[in-house]
Amino acid sequence: MPTHPAPLPRVRPAGTPPAAGGLLSQVPDSLGRFGAFGGRYVPETLSAALDQLQAAYDDARADPAFAAELNDLLSAFVGRPTPLLFAKRLTEYAGGAQIYLKREDLSHTGAHKINNTLGQGLLALRMGKRRIIAETGAGQHGVATATACARFGLDCVVYMGSEDVRRQAPNVRSMKLMGAEVRPVESGSKTLRDAINEAMRDWMGSVETTHYIIGSVVGPHPFPRITRDFQAVIGRETLAACHRQLGRSPDIVVACVGGGSNAAGMFYPLVDEPGVRLVGVEAGGRSTKAGDHAASLSYGQPGILHGSLSYVLQDLDGQTADVHSVSAGLDYPGVGPEHAYWHDTGRVEYTSVTDAEALAAFDLVARREGILPALETSHALAWAVQEAARRPASEILVVCLSGRGDKDAAEIARLRGMGLPDAV
Amino acid sequence: MKTEDGPLEGPLGKLFADLKREGRKALAPFVTAGDPNCEKTLEVLEALDRAGASLCELGVPYSDPIADGAVIQSSYTRALAAGFTLEKLFDLVRRASARVKMPILAMVSYSIIYRRGIDRFVADAKACGMAGLVVPDLPLEESDQLDQACRTAGLALVRLVTPTTPPARAEEIARRSTGFLYCVSVAGVTGARTDLPAGLLERIEWLRTKTDVPILVGFGISTPEQVKAVAAVADGAIVGSALVRHLEGFSAPQHAAPAAQGTLLKNLEETVGRLAAATG
């Protein structure tokens, strides 16, 4: 019997549609609603800037020159399209479905985050805003933002929880080398959630001259939609590569989910594809006990955090819960509202993987494929290997290898020194 | 232009009608509920009432207050660490309502209201004697449900306009605000500032021509001089961080003795007295 308290009862917000009749990709609406989720719950001070961002984005989408400039950057600066690699020895290890890796780790700066920061950087230029702020957890979004700002000649301030500054030191150095100011955040749990709070507070006072490049598909409308759209290149390329290399769509597509930007980018072009099973893997942490994990969709309930309605981990009074994950990028008590929508419509399955399983997958992929995956990504890899073993060899399973794990090497060594179980 | 309710009603309607008749302006202190605990907050509310506060904005501690500066954030953190809950809040207001004459409003994040359930939160707030709600993270577009619940229950739902609010939108916000309109002085978070922002008084005068609802000005106001300047054109001033700073002392070890606690309360009361006197 589990010793932890039962999960709080699930409350289904009014207006969530039953599992899909129409196209699931036709969201959000004009108020930023993904079914019942999303919206814009922010201080009035930010309303005008969010309207301005929405207008700038609509304008950019209608402008072929914007797409052309972004595509040029994605090609020559980021190195897209990223390859789809057959993971031969990982597939042999699992002994079932064929495992393919979508190599976002080969993007410039080593993760998918750059797709979004270049897009939003161009939007900032269109709005005439020369100062950029961002939050970061694992540091990947911070590095990608610093990179875009260096490329575009914009001032850059990155808020990062002091706990994350410690455990992701290589990324802090990279940001500084590219001219960004990194401001450690000492409040609360000193992690991603607190970094977002601090970035929002900066924006409250700087909104007329500053653009906030939020790093995930979270936050108030229109951020979840904009970030998803800029990341959707991942899913489009994956689908095209599957058809080119394999002659068909994949059977299963897996991605890790913290805020959920790599997963949203991977899944969004596939949600209307019949027959593709989509699986998001959350951070199961140390245990299923409240405070020991960061699995908002698996154990949370609908609530409001950082400007949108989604699944959140909070107490009965609406106070945000403390969460834990070995990976700084998944260490977040909320999740993007579109994931909440996909969860409630049943289009995407969400599950979780523990710290220990993720660390084991890190080792496994390092030793059998010669790739150091990010600890975030290692959650998706852990589930993928387990599931591949249960599926026939005829099936194709694609993992979004969202980022590289060099940044995690020192932290993993430290954790091992503290006696976490050795990997396989 | 009239508010949607027509003439002002409830305790806030009576308050502003009385102030108008007496030619006075409102002083609205903001203090955190439960910092350092709700027993002390009850004493603080009585002190504010004695000192001449017109109404009180009671801050409901929240774990992620993005509109608040360091002083109020720290206060919220202390209150939550000391075991603040909504049950304690409603009990506090119930007891305070019997002892003070000033109306009490809650400044509360929509995250908290949503989690409890809109109808349930409003019913609890009404039942304990709250006069209204200020919900700093609930913009116009998302507010229909709470607006309806508050109107049905007879609670004021105070809306906020800021320097970044476009004029047409400010008019719409004023039209839908009940109790009073909260005019945020600066684009930024809460916290004391040395000077009143440029253009603030003109902005208030412009709002004055657009609405009959009382206008209270807050954010960055800490001194009697600032209160006096604001009260000359608005219907009152809200003072927050400058008072919340006093609360910190209550939990400091060097002030643990009953005499020291009494001195802190006395200081707070005198500070509020000076601010109230500045409203004229």
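Naming: A, B, ... by sequence-line order, numbering from 1 per chain.
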Step-by-step side chain to side chain contact (heavy atoms under 4.5 Å, CB included) determination, I66(B) to W203(A): CA-CA 10 Å; I66(B) 60 170; W203(A) 209 30; over 6 Å; no

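- Checked by atom type and distance alone, the side chain of S111(B) never pairs as donor or acceptor with a backbone atom of G318(A) at under 3.5 Å.
- Closest of all the heavy-atom pairs between N197(A) and S63(B) is ND2-O, 4.4 Å.
- Side-chain N/O atoms of E44(A) and T165(B) include a donor and acceptor closer than 3.5 Å.
- Looking at P136(B), only its backbone comes within 4.5 Å of chain A, counting heavy atoms on both sides.
- Neither the backbone nor the side chain of R159(B) comes within contact range of chain A, judged by heavy atoms closer than 4.5 Å.
- Atom CD in Q314(A) sits 9.0 Å away from atom CD1 in I112(B) (nearest 0.5 Å).
- Counting heavy-atom pairs under 4.5 Å between each of M200(A), R201(A), M204(A) and chain B puts R201(A) at the top.
- Considering OG1 of T164(B) and CG of L46(A), their distance stands at 7.0 Å, rounded to 0.5 Å.
- Between chain B and the options G39(A), P43(A), A48(A), heavy-atom pairs under 4.5 Å are most frequent for P43(A).
- Donor-acceptor pairing under 3.5 Å is lacking for the side chains of Q319(A) and R115(B).
- Of the listed residues (P220(A), S206(A), G205(A)), the one with the most heavy-atom contacts under 4.5 Å to chain B is G205(A).
- A distance of 9.5 Å separates OG in S109(B) from CG in L305(A), rounded to the nearest 0.5 Å.
- For L80(B), the part sitting under 4.5 Å from any heavy atom of chain A is the side chain, from C-beta outward, and nothing else.
- Atom CD of E198(A) and atom CD of Q73(B) lie 5.5 Å apart (nearest 0.5 Å).
- Remark: the backbone N or O of T162(B) is not paired with any side-chain donor or acceptor of T45(A) at under 3.5 angstrom.
- In terms of non-hydrogen atom pairs under 4.5 Å with chain B, the most contact-rich of H306(A), R193(A), E208(A) is R193(A).
- Atom-to-atom distance recorded for I304(A):CD1 and D64(B):CG is 12.5 Å, nearest 0.5 angstrom.
- The number of heavy atoms from other shown groups lying within 6.0 Å of CD (Q52(A)) is above 12.
- The candidate from V60(B), V135(B), D68(B) with the greatest count of non-hydrogen atom pairs under 4.5 Å with chain A is D68(B).
- No side-chain N or O of T85(B) forms a donor-acceptor pair with one of D317(A) less than 3.5 Å apart.
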